Amino acid sequence: MAIVLEKPGVDGLSEAVGVLREWQYDGAPMQLHPGDLGWFWRSGAEATAAAVRTWSRDGRILAVGLLDGPGLLRLTIAPDAQREEELAQQLIEDMIEPERGVLPAGKVSIEAPMGALVRDLLSEDGWSVDEPWTPLCRDLAEPVSDPGVRIEVVGPEQAYVFAAVHRAAFDGSRFTDERWHAMAAGLPYADARCLVAYDGRGNAVAAVAVWSAGPGRPGLLEPMGVRREHRRRGYGEAITVAAAAALQELGSSSAVVCTPSSNAGAVAAYKSAGFRQRPEVRDQYRSV
């Protein structure tokens with residue numbers, strides 16, 4: 001059977017989210033998570049559908065891609081198909097030809113799981129590797145300690161608080177309470193939580209979103225941030241511990257996160273919160 005490239009549309013997003021849940025397992029290479037689609041959903045269901053691509057054969061989805069910004073495709077592949085040559089060749093043909101509607105001409109980047117055949121073929125075609133990212137993981141089999149600060153779960157009435165912390169934590173952020181409501185209306189948010197940490201004076205100082213992939217599967221932190229004026233005071237560690245506890249309550253087997261290796265402060269915060277550093281990963285890019 002032929003491999004078919006499709007835009008799933010809004011009605012097809014549930015199937016894409018479903019297979020992404022199934023593909024998460026402890027020890028898996030860092031890969032696209034249903035929470036990544038959930039965070040993208042802040043732009044709305046239509047925008048999310050427009051950014052998703054699926055590759056299927058005989059009705060079964062074998063690969064899912066998310067166009068996460070201009071020229072960046074975040075791709076993951078069914079665990080039993082990551083070394084399949086026919087699929088890898090088809091993925092590359094679809095990704096490198098602009099008329100296929102996946103990536104534009106010019107400089108583009110692809111994130112794919114380490115060990116997937118598509119990475120080997122891109123390297124053979126002369127694609128370069130980009131800046132390193134550091135994945136980290138925490139096993140949730142044991143109880144998670146108290147974070148030591150007040151933590152609140154964000155509901156619709158507190159959306160503006162989460163949005164304000166996000167804007168104060170990330171350069172260029174335009175996150176608003178309206179975007180929070182769009183995100184919370186998305187399919188993946190049914191198994192997600194947003195948390196805010198407060199200091200002793202009642203100031204909201206840090207925030208995180210956590211995304212479950214279902215009981216017994218790894219959950220994702222995306223994003224986590226601390227307000228600039230409150231950094232280096234332990235709030236990154238505290239909100240990360242709270243995130244791990246929230247995922248444990250949701251039934252996750254582990255918590256995973258990935259941050260640029262150049263962000264030493266974030267790597268240190270995750271490690272202090274009990275996360276174990278895993279080997280670095282890199283996107284691949286075509287310069288012209």
Side-chain angles (χ1 to χ4, degrees), residues 16-17 19-40 51-53 61-69 72-83 87-88 91 95 108-123 127-140 188 191-192 208-214 216-225 240 243-244 247 250 252-271 273-285:
V17 170
V19 297
L20 286 177
R21 290 178 186 272
E22 293 174 7
W23 296 347
Q24 310 303 314
Y25 62 93
D26 289 315
M30 199 67 198
Q31 61 176 334
L32 190 68
H33 189 278
D36 292 309
L37 266 64
W39 177 238
F40 196 95
V52 171
R53 301 291 184 274
I61 295 179
L62 298 173
V64 177
L66 174 67
L67 290 164
D68 196 3
L72 170 61
L73 179 73
R74 302 182 63 189
L75 175 75
T76 198
I77 303 164
D80 63 346
Q82 294 196 2
R83 300 296 300 179
L87 176 61
L91 287 168
M95 292 186 298
V108 295
S109 299
I110 295 172
E111 172 195 291
M114 298 298 291
L117 180 58
V118 69
R119 292 187 61 94
D120 298 343
L121 299 181
L122 289 173
S123 294
W127 286 54
S128 303
V129 292
D130 216 331
E131 296 300 314
W133 287 64
T134 297
L136 301 102
C137 177
R138 174 169 175 159
D139 187 349
L140 298 178
D191 295 313
V208 67
V210 296
W211 307 86
S212 168
R217 300 183 184 277
L220 176 72
L221 282 67
E222 174 60 26
M224 185 281 282
T240 302
L247 285 172
L250 289 166
S252 298
S253 56
S254 60
V256 297
V257 68
C258 196
T259 190
S261 298
S262 59
N263 191 345
V267 173
Y270 292 128
K271 291 173 73 173
F275 281 65
R276 179 174 52 86
Q277 186 172 336
R278 298 174 64 185
E280 289 180 329
V281 296
R282 296 170 183 256
D283 295 351
Q284 293 169 282
Y285 71 90

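Owing to the predicted nature of the structure, the values given are computational and were not obtained by experimental measurement. FYI, side chains are in, hydrogens and waters are out, and symmetry mates aren't considered; it's all heavy atoms of this structure.
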Quick one: do the [X] and [Y] side chains pair a donor with an acceptor below 3.5 Å?
X: S109; Y: D283; answer: no
X: S123; Y: Q284; answer: yes
X: D139; Y: S254; answer: no

Q: Check salt bridge (charged side-chain N to carboxylate O under 4.0 Å, His left out) between R21 and all other residues, then give those that pass, not counting sequence neighbours.
A: D191
Any donor and acceptor pair, going by atom type alone, linking the side chain of [X] with main-chain N or O of [Y] inside 3.5 Å?
X: R74; Y: L66; value: no
X: D36; Y: H33; value: yes
X: W211; Y: G38; value: no
X: R217; Y: E22; value: yes
X: E280; Y: P132; value: no

Q | Minimum side-chain heavy-atom gap Q277-V267 below 4.5 Å | A | yes
**Q.** Those residues that, when tested against T259, pass side-chain hydrogen bond (donor to acceptor under 3.5 Å, both in side chains) (two or more places apart)
**A.** none
Q: Please determine which of L221, V257, L220, T240 meets the side chain to side chain contact (heavy atoms under 4.5 Å, CB included) test together with V210.
A: L221
**Q.** Approximate separation, where rounding is to 0.5 Å, of L20 CG and T76 OG1
**A.** 7.0 Å
